[in-house]
Amino acid sequence: MAGRALFVGLMLLASVTPGAHAATLELPPAGASSCGGCHAPPGVDTAVPTLHGKTAAEIVAQMQSFRSGAQPSTVMDRIAKGFTDPEIEAIAAWYARQK
Amino acid sequence: MARALVNIPPKAKRGEVITIRTLMSHQMETGFRYSTTGAPIPRDIITTFIATYNGEEIFRAELFPAIAANPFITFTTVATESGTIELTWRGDNGFAASEQATITVE
Amino acid sequence: MMKHAISRRGVIAGLGAVTLGAPFVSAQAAPRVVVIGGGFGGATAAREMKALLPGADVVLVTNERTFTACPFSNLVIVGERELTAQEFGYRSIEKAGVRVAYSAAKSVDGSARVLTLEDGTTLPFDRLIASPGIDINWEGLPGYGMAAAEKMPHAWKAGTQTTLLRRQLEAMDDGGLVVMAVPANPYRCPPGPYERASLIAHYLKTRKPKSKLLVLDAKDMFSKQRLFLSAWAALFPDHLEWVGLSKGGKVLSVEPESLTFVTEFGRHTAAVANVIPPQRAAAIAAAAGIADATGWCPIDPATFESRLVPGIHVLGDASIAGAMPKSAFSANAQAKVCAAAVATLLTGGTPPEPRLINTCYSLVTPDYGISVAGVYHPAGGVIAEIKGSGGVSRADAPPDVRAAEALYAKGWFTTVTREVFG
Amino acid sequence: MPSTCKPSNLTSRRDALRLMGAATAGYALTIVRVTPLAATPADMRTAIEKITGGAKVSAGRVHLEIPPLVENGNTVPCAVTVDSPMTAADHVRAIHIVTEKNPQPNVISCRLGPRAGRATVSTRMRLSDTQTVVAIAEMSNGSFWSGSVNIIITLGACLEDLI
């Protein structure tokens with residue numbers, strides 16, 4: 001969070017045009033912010049695994065196998081079907097950057 | 001087969017306007033749907049509802065496929081005299097059902 | 001546009017004013033975002049807003065110092081959980097840099113962009129995020145009102161009503177009839193009445209086996225219906241009877257003195273009565289001009305901006321969110337998307353098209369969970385479900401899957417309350 | 001979504017359910033496809049002309065009570081009340097309900113008279129989409145009056161496909 005704050009601040013300082021500002025906000029890719037409702041950061045003990053610390057490839061593989069049904073699941077199969085491959089890849093890449 | 005729910009006050013004052021609620025179990029198949037094989041599902045609806053009060057017609061409705069399943073109709077009538085209120089439903093494929101209730105008017 | 005002199009620069013301590021200036025704003029101005037509502041939607045939005053735009057002045061308006069969460073409160077009603085486990089404060093949110101105003105929102109001047117609180121405080125804003133939740137529609141069910149709710153609790157806002165219903169169930173003699181009235185859509189938490197019915201039936205079966213629950217419903221169809229009905233048939237055949245609309249289940253009025261429910265075709269007198277009344281967006285929505293004739297708030301599906309008053313965004317239970325249900329999960333997901341949209345707009349950008357997820361868990365027993373999930377996007381001016389996604393738990397799932405879903409339900413509650421309030 | 005579905009893409013099971021809606025709890029549907037049928041405002045005008053025999057319809061005296069926001073178009077409660085003394089000399093002879101976009105415009109036609117005491121009827125109807133619903137009253141003097149209301153139908157959020 002602190003890193004993101006500094007980043008936004010610096011970019012605002014160096015602002016050029018209004019349109020440039022949107023790019024300075026590091027928004028999660030479409031859909032990613034919803035994941036945090038169930039998937040906690042490390043240190044929270046629940047039955048739902050954390051996504052932090054996983055590689056992008058791991059998350060992509062898991063989502064694809066949920067979507068295809070290769071990996072049995074309770075709820076993730078239904079959610080994975082709402083995302084295309086590029087969307088899953090973007091979410092995975094974003095989570096892989098979260099510390 | 002047919003299952004009706006009817007709410008008619010058993011007692012009323014002479015001249016009182018009473019509310020009659022009716023519900024007849026029926027799926028009201030619209031005739032606008034197709035089965036898995038692509039064949040049209042024929043219309044099967046209740047088409048007519050008639051209420052009589054001691055034999056005299058007091059209310060009548062013509063129903064179309066846009067009436068929801070289990071047709072629910074509420075109407076009013078003036079309690080004129082003690083007697084019998086009879087409700088009749090008729091429809092496609094020979095559907096016919098009726099319900100009676102007695103009312104005491106004081 | 002910033003129309004007001006900046007008087008709250010002191011609040012944004014630690015950040016040089018110069019870093020806050022966006023080109024369309026006067027050089028020293030910090031964007032001011034006011035958030036109405038301290039529930040899952042509002043608290044998430046405030047916190048996310050501050051995280052996305054640390055330089056913004058974010059004020060959260062809530063009239064309670066302690067938030068009492070509705071999800072899992074049905075377990076409190078049946079004695080499987082304590083109300084304190086539902087209670088959360090705003091200390092962490094304040095620590096995150098959000099100013100919290102403990103007062104009720106009273107009125108909004110949408111053109112001047114000023115919110116006035118009950119305590120007289122005025123809060124100018126550049127963008128207002130409203131997540132005020134629901135109010136009971138006290139005129140919606142003849143015979144029912146605030147006094148009646150003391151005899152026939154709704155328990156649809158968690159807190160004293162929750163414990164009142166619990167005490168009534170505990171005090172009821174074995175052999176009593178519990179009656180629950182369920183309203184037509186829309187209302188907060190579509191599957192909530194059926195989870196509550198399940199848990200009350202479970203309570204009766206295990207603690208007061210001669211008793212029974214009668215559910216009088218103004219609908220024929222409801223959320224997760226097939227799963228609930230098959231679970232009830234298997235688990236509670238003698239303890240739960242559900243009467244839908246076309247079987248005469250619609251309650252027309254109640255008589256609180258005798259705990260009587262008057263339906264279209266009959267009367268039922270209860271030993272314990274739970275009335276889930278009709279609802280509408282909380283009163284501030286009408287006062288702010290963001291609720292329409294439906295009693296709810298129409299919104300743009302990408303930004304959650306009100307269709308009626310520009311500059312005000314509405315999310316959570318109060319909004320007309322298309323296919324998304326009125327759930328805490330939805331409110332949390334919507335709040336994050338809304339905060340991102342507001343931050344983007346405040347920095348001169350165009351909000352991206354969002355994706356939203358909802359997952360509603362319901363407990364049939366404390367160890368038997370089922371769910372409905374969906375993935376949503378803006379389409380045709382509304383929030384629509386993405387075709388092919390979502391759905392309910394498998395009908396033929398074995399007990400270990402039901403048990404796993406109950407654990408995931410608890411996991412969701414732990415995670416989301418920590419994310420929002422922890 | 002109901003408010004955006006074009007007739008040509010009414011193909012999902014959920015759309016089928018919503019549009020045609022014979023489903024009640026536990027009733028197993030076998031429907032997978034829906035015919036792309038929708039009436040037009042012109043169809044509604046034709047239906048109204050058939051009711052009135054071409055007579056003029058004045059706006060007023062007829063009140064339609066329908067919830068403004070409906071999540072399930074399968075069962076939409078609807079009450080019609082007409083301002084009328086309901087005397088032998090001055091009463092309502094008939095009340096009709098028609099819709100703008102349902103596959104067939106007519107919903108119900110009721111015949112009543114002074115013995116009704118009040119000119120009021122209620123029913124539950126199916127609405128395929130967000131649309132205008134019109135109620136028409138035929139008075140004992142032969143005049144026709146109407147009231148209308150626009151109803152927003154949203155998809156039943158959290159509703160399960162019962163198929």
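Values below: all heavy atoms of this structure, side chains included; hydrogens, waters and symmetry mates excluded. All chains are named by letter (A, B, ...) in the order of the sequence lines, taking the proteins before the strands, and each is independently numbered beginning at 1. All values derive from a computational prediction rather than experimental measurement.
Within residues 48-65 of chain B, no residue has any heavy atom under 4.5 Å from a heavy atom of chain C.
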Could you please spell out the steps behind the side chain to side chain contact (heavy atoms under 4.5 Å, CB included) verdict for B:Leu23 and C:Phe265?
CA-CA 9 Å; B:Leu23 186 151; C:Phe265 298 98; 3.7 Å; yes
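Listed by chain and residue number, nothing satisfies the salt bridge (charged side-chain N to carboxylate O under 4.0 Å, His left out) test with B:Arg14 (two or more places apart in sequence, or in another chain).
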Enumerate, by atom name, each donor-acceptor pair separated by under 3.5 Å where one atom lies in chain B and the other in chain C.
{"from": "B:Asn7", "atom 1": "ND2", "to": "C:Glu264", "atom 2": "O", "distance (Å)": "2.7"}
{"from": "B:Arg21", "atom 1": "NH1", "to": "C:Glu264", "atom 2": "O", "distance (Å)": "3.3"}
{"from": "B:Asn70", "atom 1": "ND2", "to": "C:Ser246", "atom 2": "OG", "distance (Å)": "3.2"}

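The list of salt bridge (Lys or Arg N to Asp or Glu O under 4.0 Å) pairs with a residue in residues 85-95 of chain B, not counting sequence neighbours, reads B:Arg43-B:Asp92.
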